[in-house]
Structure formats: structure tokens, C-alpha cells
Amino acid sequence: MKNNLFYDRVFDIVRMIPYGRVTTYGAIASYLGSKTGSRLVGWAMNVSHGVMPKIPAHRVVNRIGMLSGKAHFSSPNRMQELLESEGIIVEADKIQNFNEVFWDPSSLDLL
DNA sequence: TGAATGACTCGAT
DNA sequence: GATCGAGCCATTC
């Protein structure tokens, strides 16, 4: 565990995701400059389990809206349940209304 | 120190 | 339109 700005930046963005909205690893990576790599975002999420306050990692999915990281949750169903609880339609581990609930970090920018 | 891995993404075939 | 391969960077062995 290191106090890298990268993780902090990713966590901050994920925490800024509004209720009922989701974002993608690529969007976060792109917001960080895309040079950071989209995979690092997922890596940061892996660490987010022990990060406080809690990181709504369930609101972060891949570019097609598939719950790629659901397996890393306490329970694979947990991610889908949380998303559905926010009004997000999830089917076959994939967000159906992904286009509607998609949220871009640059939307808030520095706000 | 070098090589491998990973919750991804894009371009080419 | 679907499938395959390479690129991206930090962390770990």
C-alpha cells in the first residue's frame, strides 16, 4: 500500500459517481489521461476493498457495461443487487440501460 | 532487475 | 459482425 496519487484519484472519481449512475474503467482512465492505462483503474478497484470510505466499485464496469468485476465482490450477486437497487437494469451480468445510466467523470470535471 | 499478471480498450483480420 | 492480438502502466513474484 502506497500513498500513490493514482489510487486516490481513481477513488475520488468513483466516489463522485452520482446515485443510479455508472462509469467505465476507460472513462476514468481517460480522465486521468488515458496514459495511465485502463487496467490500472481495475487494479485500483482491487485495492478499494480495504479503502475507506467505502468505494462504490459496483458502479464501475467495463466499456460494454458488463459487470466484469462482480467476481471480486463479497458475492457475485452483490454487485448486481446494488445496481438494481439504484434503478439500474442488469441482465446477464450486463447493464441494459447502460447508455442511460452512463456517467462520465469529465461531466463534473473539477466542479 | 526482469518477467508476469490484471475488475480494460482499441485496432486489425 | 465476430474474433484475435497488441498496448497500456502499476503491482507482485
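Residue numbers start from 1 in every chain, and the chains themselves are labelled A, B, ... in the order their sequence lines are given, proteins ahead of strands. Since we're looking at a predicted model, the values are computed, not measured.
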Classify the nucleic acid contact of A/Asn46 as base, sugar-phosphate or nothing, counting any heavy atom under 4.0 Å across all strands shown. base

Please pick, from B/dC10, C/dT11, B/dA7, the nucleotide with the shortest atom-to-atom distance to any side-chain atom of A/His49. B/dA7

Rounded to whole angstrom units, what separation is found between the CE atom of A/Met45 and the C1' atom of C/dT11? 15 Å

Describe the nucleic acid contact of A/Phe6 in one word from base, sugar-phosphate, nothing, applying a heavy-atom distance below 4.0 Å. nothing

Across the strands shown, which category fits A/Ala44 at heavy-atom distances under 4.0 angstrom: base, sugar-phosphate, nothing? nothing

Taking atom P of B/dA7 as reference, at what distance in whole Å does atom CG of A/Leu83 sit? 18 Å

Please state how far atom CG in A/Leu32 lies from atom P in C/dC9, giving the value in whole angstrom units. 13 Å

Report the nucleotide, chosen from B/dT9, C/dA10, B/dA7, that has the shortest atom-to-atom distance to any side-chain atom of A/Tyr7. C/dA10

Nearest heavy atom decides the nucleotide; on that basis, is A/Trp43 or A/Ile64 closer to the 5' end of DNA chain B? A/Trp43

Is there a side-chain contact between A/Leu67 and A/Lys94, using heavy atoms and a 4.5 Å cut-off? no

Whole-Å distance between B/dT9 P and A/Phe102 CZ? 10 Å

Tell me, do A/Glu86 and A/Arg59 make a side-chain contact under 4.5 Å, heavy atoms counted? yes

5' precedence on DNA chain B between A/Leu40 and A/Val61 (nearest-nucleotide basis): A/Leu40

Rounded to the Å, how far apart are A/Tyr25 OH and B/dC10 C1'? 17 Å

Starting at atom CD1 of A/Ile28, determine the distance to atom P of B/dG6, rounded to an integer number of angstrom. 20 Å

If you define the side chain from C-beta out and look only at heavy atoms, does anything of A/Arg63 sit under 4.5 Å from A/Tyr25? no

Min side-chain heavy-atom separation A/Ile64-A/Phe98 under 4.5 Å: no

